[in-house]
Number of protein chains: 2
Amino acid sequence: MTPPERKLALKQLGPLPIYARVKAMVADKILCGEWRPNDRVPSETELVQQLGFSRMTINRALRELTAEGLLVRMQGVGTFVAEPKRQSSLLEIQNIADEILARHHQHRSDVMLLEECIADREQSAALNMSLGSTIFHSTIIHYENDVPIQIEDRYVNPAIAPEYLQQDFTLITPNIYLNRLAPLTEGEHIVEAVSASTQQSKWLRLAPHEPCLLICRRTWSKQHNVSYARLLYPGSRHRLKGHFMS
Amino acid sequence: MTPPERKLALKQLGPLPIYARVKAMVADKILCGEWRPNDRVPSETELVQQLGFSRMTINRALRELTAEGLLVRMQGVGTFVAEPKRQSSLLEIQNIADEILARHHQHRSDVMLLEECIADREQSAALNMSLGSTIFHSTIIHYENDVPIQIEDRYVNPAIAPEYLQQDFTLITPNIYLNRLAPLTEGEHIVEAVSASTQQSKWLRLAPHEPCLLICRRTWSKQHNVSYARLLYPGSRHRLKGHFMS
DNA sequence: GAGTGGTCTAGACCACCTG
DNA sequence: AGGTGGTCTAGACCACTCC
């Protein structure tokens with residue numbers, strides 16, 4: 001690709017700021033395997049010439065990718081693709097339907113809500129969108145042998161999954177559906193213990209004051225923020241387990 | 001402090017780059033409590049005038065502090081001190097004292113119990129010892145700035161740490177002590193949400209029915225099972241966070 | 001409209017590494 | 001010496017929020 005074409009391609013990537021588009025381009029080459037670990041990445045000067053943006057902008061893109069662990073930089077030497085990180089089983093994104101089937105139990109889900117909504121502060125922050133954007137929202141109850149085991153509240157970036165509201169989530173979980181559209185490359189979990197609301201208690205058939213495990217999971221596909229899920233489990237019916245070695 | 005003095009103070013901070021010194025100054029004011037959560041931080045323009053550096057430099061400092069979670073910024077509104085987060089990594093075995101010190105807070109612990117006991121079914125299974133073996137047991141409350149944040153119930157294999165009962169665990173955490181004796185090579189976490197007992201509620205100063213996060217952690221050193229810890233956190237005062245890439 | 005943060009530029013100087 | 005990343009500046013334009 002000649003420099004002007006490359007610049008054009010970057011410009012077509014959407015309304016993202018330039019540094020973000022440069023990040024996306026570089027991350028893409030790394031994640032799709034075109035640039036392999038320990039490969040040398042073009043220098044800032046080269047990218048300035050190739051892409052036609054100022055060095056500060058290129059520098060910001062590469063600096064942030066370094067902070068995110070995709071690149072390694074050495075002053076006086078150059079910029080290189082980092083070795084991929086190890087992953088932990090505790091953090092595996094598991095599809096709840098598969099998890100239940102693996103226990104040889106039956107999985108069923110009820111879709112309680114499937115709507116367009118306006119992102120509030122928490123949701124917009126989690127999806128990295130501006131406050132008041134239109135996003136998709138689903139609320140689904142998952143059952144294991146007819147015992148409710150999870151309430152899945154999911155907020156989805158409509159740019160990634162424009163047909164989200166037309167899906168039948170009793171047949172396919174949002175997790176699987178989204179993974180087909182945009183294979184996830186990155187995720188973040190926050191786990192905490194909370195009390196359930198009255199509505200949630202009813203849906204999960206909880207004993208009074210029964211504690212719940214709340215897992216807030218944000219997922220990315222390449223540089224795009226795909227969805228934000230709040231998974232609520234009855235404390236008595238679910239645990240998270242993880243194993244690691246050093 | 002007048003602007004010239006402030007700039008001087010920053011210059012004396014050492015050979016760090018300017019943006020890092022600005023970060024340190026701002027972080028310092030937040031962590032020492034001079035700027036409290038939700039306080040407004042001077043705008044970029046104000047800092048440019050007060051400190052005499054260019055706006056790009058100030059911007060980088062504030063942007064990185066935002067990424068680190070110390071600040072929250074809203075376009076058109078301003079920059080504010082973020083609510084402190086109490087969270088730890090899902091992946092790493094962290095020593096709670098270090099974790100608290102990393103937040104620039106004070107750590108203190110009370111030893112409530114330090115005894116020899118007979119392993120019950122759960123404990124013997126966790127330590128892979130026979131039912132009825134003699135094991136060591138400690139119960140310690142950890143405080144962050146005098147707020148109780150964790151009850152650590154730990155069961156230890158006496159073969160690995162014969163002097164366990166003679167230690168002063170207000171000076172060194174069991175975690176560190178054991179790690180020195182037998183560096184851990186393997187671990188397992190089980191995370192769940194539970195209610196606290198009456199005694200635990202009292203120790204942690206919990207509101208009625210406040211849910212808690214329970215982390216049961218087994219650790220190994222080489223082939224030897226070292227200890228089994230049950231870490232109980234108030235749900236409102238602690239989260240677990242994990243990040244991964246594939 | 002005034003103030004805020006978000007971004008971008010064109011140039012500059014420096015420390016560092018390698019030939 | 002020449003290329004690399006690391007930093008800094010002075011100015012600019014924009015989108016956003018609040019009054």
Side-chain angles (χ1 to χ4, degrees), chain A residues 3 7 10-11 13-26 38-82 118-121 124-125 128-134 223 225, chain B residues 7 10-11 13-26 38-82:
Chain A
K7 183 166 178 176
L10 279 187
K11 293 217 162 172
L13 250 179
L16 286 172
I18 296 173
Y19 79 91
R21 280 179 270 162
V22 174
K23 281 178 69 175
M25 182 205 79
V26 173
N38 299 315
D39 275 3
R40 193 174 194 295
V41 164
S43 75
E44 295 190 354
T45 318
E46 286 168 338
L47 286 173
V48 165
Q49 292 163 352
Q50 286 176 18
L51 305 177
F53 304 118
S54 86
R55 192 178 151 222
M56 275 300 276
T57 301
I58 301 293
N59 175 272
R60 176 169 176 185
L62 297 184
R63 178 157 37 85
E64 293 192 1
L65 286 171
T66 304
E68 290 166 23
L70 267 79
L71 297 176
V72 174
R73 317 193 75 184
M74 280 175 293
Q75 195 175 51
V77 184
T79 302
F80 304 87
V81 177
I118 301 300
D120 69 11
R121 183 163 306 284
S124 56
N128 196 26
M129 298 176 70
S130 55
L131 190 65
S133 305
T134 298
Q223 297 290 312
N225 210 311
Chain B
K7 182 167 180 176
L10 279 185
K11 291 218 159 165
L13 250 178
L16 286 173
I18 296 174
Y19 79 90
R21 280 180 270 161
V22 174
K23 279 178 70 173
M25 181 205 79
V26 173
N38 299 313
D39 275 3
R40 193 175 196 293
V41 165
S43 75
E44 296 190 353
T45 318
E46 287 168 338
L47 287 173
V48 164
Q49 292 164 352
Q50 287 176 17
L51 305 177
F53 304 118
S54 85
R55 193 179 149 219
M56 276 299 278
T57 302
I58 301 294
N59 174 273
R60 176 169 176 185
L62 298 185
R63 177 157 38 84
E64 292 191 0
L65 286 172
T66 304
E68 290 166 23
L70 268 81
L71 296 177
V72 173
R73 317 194 76 185
M74 280 174 291
Q75 196 175 49
V77 184
T79 302
F80 304 86
V81 176

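What's counted below: heavy atoms across the whole structure, side chains too, no hydrogens, waters or symmetry copies. Lettering of chains follows the sequences in order, A, B, ..., and the numbering in each one begins at 1.
Put simply, B:T45 has no side-chain N or O that comes within less than 4.0 Å of OP1 or OP2 on C:dG3. Residue A:Y19 has no polar side-chain atom (N or O) positioned under 4.0 Å from OP1 or OP2 of C:dC8. Side-chain nitrogen and oxygen atoms of A:S43 include at least one within less than 4.0 Å of the OP1 or OP2 phosphate oxygen of D:dT4. For B:R63, no side-chain nitrogen or oxygen approaches OP1 or OP2 of C:dG5 to under 4.0 Å. An OP1 or OP2 oxygen of C:dT4 is reached within less than 4.0 angstrom by no side-chain nitrogen or oxygen of B:T79. Between B:R73 and C:dT4, a side-chain N or O to OP1/OP2 separation shorter than 4.0 Å is absent.
If you measure from atom CE of B:M56 to atom P of C:dG5, you get 15 Å, rounded to the nearest angstrom. We find that CG of B:N59 is positioned 15 Å from C1' of D:dA15, with the value rounded to whole Å. Atom CG of A:L62 and atom P of D:dG6 are 9 Å apart (whole Å). To the nearest angstrom, C1' of C:dG3 lies 12 Å from CD of B:Q49. Counting to the nearest Å, the P atom of C:dC8 and the CD atom of B:E44 are 14 Å from each other. We find that CD of B:E46 is positioned 13 Å from C1' of C:dA2, with the value rounded to whole Å. For A:I58 and C:dG11, the CD1 to C1' distance is 16 Å, given to the nearest whole Å. Note: CD (A:E64) to P (C:dC8) measures 10 Å, nearest angstrom.
The line from OG1 of A:T57 to CD of A:E44 is 10.5 Å long, rounded to the nearest 0.5 Å. Rounded to the nearest 0.5 Å, atoms CD (B:Q49) and CD1 (B:I58) are 11.0 Å apart. Atom CZ of B:R21 is separated from atom CE of B:M25 by 12.0 Å, given to the nearest 0.5 angstrom. Note that NZ of B:K23 is 10.0 Å distant from CZ of B:R63, once rounded to the nearest 0.5 Å.
At a threshold of 4.5 Å between non-hydrogen side-chain atoms, the residues B:V72 and B:T79 do not count as touching. Annotation: side chain of B:I18 is not in contact with side chain of B:L51 (no heavy-atom distance under 4.5 Å).
Here the shortest heavy-atom pairing between B:R73 and B:N59 reads NH1-ND2, 3.9 Å.
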In B/S/- notation, 5' to 3', how is nucleotides 12-19 of chain C contacted by protein heavy atoms closer than 4.0 Å? B--BBB--

